[in-house]
Amino acid sequence: MKNILIVLLGPTGVGKTDISIDLATRFNCEIISADSRQFFREMRIGTAVPTDLQLNTINHHFIQFRQVKDYYSSSLFERDVLELLPKLFSKNNIALMTGGSGMYIDAVCYGIDDIPDVDPLVREKYISKYKEEGIESLRAALKLLDPEYYSKVDLKNYKRIIRALEICETAGRPYSSFLIKQKRERDFTKIIIGLERNREDLYNRINLRVDEMVKSGLEQEALQLYDFRNLNALNSVGYREYFDFFDGLISREKAIELIKRNSRRYAKRQITWWNKNQEIKWFSPEKVEEIIEYISESIKG
RNA sequence: GGUCGGUUAACCGAGUGGCUAGGUAGCGGUCUGCAAAACCGUUUACGGCGGUUCGAAUCCGCCACCGACCU
């Protein structure tokens with residue numbers, strides 16, 4: 001019997017969590033969360049982690065298993081998921097992965113090139129270089145070390161340039177030489193389900209959900225994480241806006257308004273990411289029966 | 001009824017005769033390691049009708065609407 005990974009994806013607020021519970025119950029499988037912020041145990045309200053009831057009903061993996069100070073990446077996620085899957089498949093040939101982090105999902109589904117780990121000090125060096133000398137000096141360095149990538153990158157995006165530079169230095173060869181971009185074969189079948197709603201409904205849901213998070217104490221949660229505000233994990237919608245409020249830069253109302261806006265934009269970016277993936281079969285979250293039917297058919301076929 | 005001020009894109013808002021202000025929201029996109037990140041692109045509007053002018057958002061007249069004050 002072949003192993004199957006059902007992937008349930010969709011923009012933030014579309015309704016993935018509830019459906020993932022339905023599907024996991026129906027197919028008697030466990031859930032792998034592919035949400036780059038739900039990984040962190042200190043971030044609960046702002047990342048809309050499943051309820052305790054949901055977590056108790058279905059076995060979840062990769063939820064709140066790291067601390068905000070920990071380093072984690074899509075590559076580590078690929079490794080960890082591929083390590084976990086055989087264990088899940090030994091119990092049942094179906095597993096369900098759900099989430100909204102496009103790059104993490106792609107890493108599991110299609111693989112990601114092997115690129116050496118970077119010494120944090122090297123990274124620090126280039127970050128300082130950027131801060132002190134500006135992006136122009138980064139460009140100049142990249143042009144020298146990796147002209148091929150230089151001709152392709154977005155030269156205004158300092159993050160991309162820094163990444164390339166730190167790899168060049170660590171490996172002693174151009175970053176672009178690592179970018180094979182070959183899809184990896186997987187020993188399981190993927191069934192990729194996308195959830196979509198019309199834009200207006202989605203945005204209304206996002207706005208309402210933010211209000212609910214606020215009622216549930218998002219401000220308090222953010223306040224507790226204030227000391228960690230410079231960590232990458234906290235450079236997240238729902239937290240950084242509150243940090244600005246704590247710093248007196250904006251009003252509380254403004255912070256909440258910005259959380260809504262930034263969540264909407266995030267959702268749009270997610271949609272854009274998936275737009276070009278022809279493997280995704282899209283459904284309305286209202287049509288759970290159709291999704292189940294589609295999965296059942298795919299499993300048989 | 002009168003006097004004055006105002007009416008600019010979804011919103012805010014600058015612009016006094018020719019040269020697409022700007023901002024925000026929205027929309028579209030990029031993407032191989034902290035990705036809920038970072039970055040890029042984008043909407044040619046001047047309340048209505050006439051007039052002056054080679055040319056009007058800009059000047060003139062009338063009308064409509066909004067606001068303030070007067071009666």
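First the proteins, then the strands, lettered A, B, ... as listed; each starts at 1.
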Whole Å only: how far is the [atom1] atom of [X] from the [atom2] atom of [N]?
X: A/Asn277; N: B/rG29; atom1: CG; atom2: P; answer: 14 Å
X: A/Asp154; N: B/rU32; atom1: CG; atom2: P; answer: 11 Å
X: A/Tyr266; N: B/rA37; atom1: OH; atom2: C1'; answer: 10 Å
X: A/Lys156; N: B/rC31; atom1: NZ; atom2: P; answer: 17 Å
X: A/Ile180; N: B/rG33; atom1: CD1; atom2: P; answer: 14 Å
X: A/Ile161; N: B/rC31; atom1: CD1; atom2: P; answer: 16 Å
X: A/Asn275; N: B/rC31; atom1: CG; atom2: C1'; answer: 14 Å
X: A/Ile271; N: B/rC31; atom1: CD1; atom2: C1'; answer: 17 Å

For [X], ring-ring contact (aromatic ring centres under 6.0 Å, His included) partners two or more places apart:
X: A/Tyr266; result: none
X: A/Phe188; result: none
X: A/Tyr149; result: A/Tyr175

Exercise. When the aromatic ring centroids of A/Tyr239 and A/Tyr242 are compared, is their separation below 6.0 Å?
Worked result: no
Respond yes when some side-chain nitrogen or oxygen of [X] is under 4.0 Å from OP1 or OP2 of [N], and no when none is.
X: A/Arg265; N: B/rG29; result: no
X: A/Thr272; N: B/rG29; result: yes
X: A/Arg163; N: B/rG33; result: yes
X: A/Lys268; N: B/rG26; result: no
X: A/Lys159; N: B/rA37; result: no

Do the charged groups of [X] and [Y] touch, with an N to O distance under 4.0 Å?
X: A/Glu212; Y: A/Arg209; result: no
X: A/Arg139; Y: A/Glu136; result: yes
X: A/Arg184; Y: A/Asp114; result: yes
X: A/Glu166; Y: A/Arg163; result: yes

Can you check the distance between [N] and [M], where both ends of the measurement are the [atom1] atom (answer in whole Å)?
N: B/rC59; M: B/rG6; atom1: P; result: 10 Å
N: B/rG22; M: B/rA45; atom1: C1'; result: 14 Å
N: B/rG15; M: B/rC4; atom1: C1'; result: 23 Å
N: B/rC12; M: B/rU3; atom1: C1'; result: 30 Å
N: B/rG61; M: B/rG29; atom1: C1'; result: 50 Å
N: B/rC54; M: B/rG13; atom1: C1'; result: 32 Å
N: B/rA21; M: B/rG47; atom1: P; result: 15 Å
N: B/rG51; M: B/rG55; atom1: P; result: 11 Å

Going by number, which of [range] have a non-hydrogen atom under 4.0 Å from RNA chain B?
range: residues 122-151 of chain A; result: A/Arg123
range: residues 222-231 of chain A; result: none
range: residues 108-121 of chain A; result: A/Ile112, A/Asp113, A/Ile115
range: residues 169-179 of chain A; result: A/Tyr175, A/Leu179

For this session: Measure from NZ or CZ of A/Arg229 to the centre of the six-membered ring of A/Tyr226, then state whether that distance is under 6.0 Å and the direction lies within 45° of the axis.
Result: yes
Exercise. Can A/Arg173 be said to sit on top of A/Phe178's aromatic six-ring, NZ or CZ under 6.0 Å from centre and within 45° of the ring axis?
Worked result: yes
Problem set entry | Residues which pass side chain to side chain contact (heavy atoms under 4.5 Å, CB included) with A/Ala24, listed by chain and number, not counting sequence neighbours | A/Cys29, A/Ile31, A/Ile58, A/Leu96
Exercise. With sequence neighbours left out, what residues match A/Gln64 under side chain to side chain contact (heavy atoms under 4.5 Å, CB included)?
Worked result: A/Arg41, A/Arg44, A/Val49
For [X], answer base if it contacts any base atom (sugar-phosphate contacts may also be present), sugar-phosphate if it contacts only those atoms, and nothing otherwise; contact means non-hydrogen atoms under 4.0 Å.
X: A/Arg160; result: base
X: A/Lys276; result: base
X: A/Thr47; result: base
X: A/Arg269; result: base
X: A/Tyr158; result: sugar-phosphate

For this session: Mark yes or no for a side-chain to base donor-acceptor pair under 3.5 Å between A/Ser75 and B/rG33, with no hydrogen or angle criteria applied.
Result: yes
Exercise. Taking the inter-plane angle between the rings of A/Phe243 and A/Phe246 on a 0 to 90° scale, is it parallel (under 30°), tilted (30 to 60°) or perpendicular (over 60°)?
Worked result: tilted
For this session: Evaluate the ring planes of A/Phe39 and A/Tyr72, with Trp represented by its six-membered ring, and classify them as parallel (under 30°), tilted (30 to 60°) or perpendicular (over 60°).
Result: perpendicular
Exercise. For RNA chain B, which ranges pair as stems of 3 or more consecutive Watson-Crick or G-U pairs, with both donor-acceptor distances under 3.5 Å?
Worked result: B:1-7 with B:64-70, B:10-12 with B:22-24, B:26-30 with B:38-42, B:47-51 with B:59-63
For this session: Determine if the base of B/rG61 is syn or anti; take syn to mean the glycosidic torsion is within 90° of 0.
Result: anti
Problem set entry | A/Tyr203, nearest nucleotide to its side chain (from B/rC27, B/rC39, B/rG33) | B/rC27
Problem set entry | Listed nucleotide nearest any side-chain atom of A/Val237, set B/rG26, B/rA37, B/rA38 | B/rA37
Exercise. Under the side-chain hydrogen bond (donor to acceptor under 3.5 Å, both in side chains) test, which residues partner A/Lys254, sequence neighbours left out?
Worked result: none
Seminar exercise, completed: Hits for side-chain hydrogen bond (donor to acceptor under 3.5 Å, both in side chains) against A/Asp227, two or more places apart or cross-chain, chain-then-number order -> none
Exercise. Does a side chain donor of either A/Lys300 or A/Ser296 reach within less than 3.5 Å of an acceptor in the other side chain?
Worked result: no
Seminar exercise, completed: Between A/Arg199 and A/Ser101, the residue closer to the 5' end of RNA chain B by nearest nucleotide is A/Arg199
For this session: Might you confirm whether atom NZ of A/Lys143 has over 12 heavy atoms from other residues, nucleotides or ligands at distances under 6.0 Å?
Result: no
For this session: Check the hydrophobic clustering (I, L, V, M, F, W, Y; side-chain heavy atoms under 4.5 Å; chains of links allowed) and say if A/Leu55 and A/Leu23 are grouped together.
Result: no
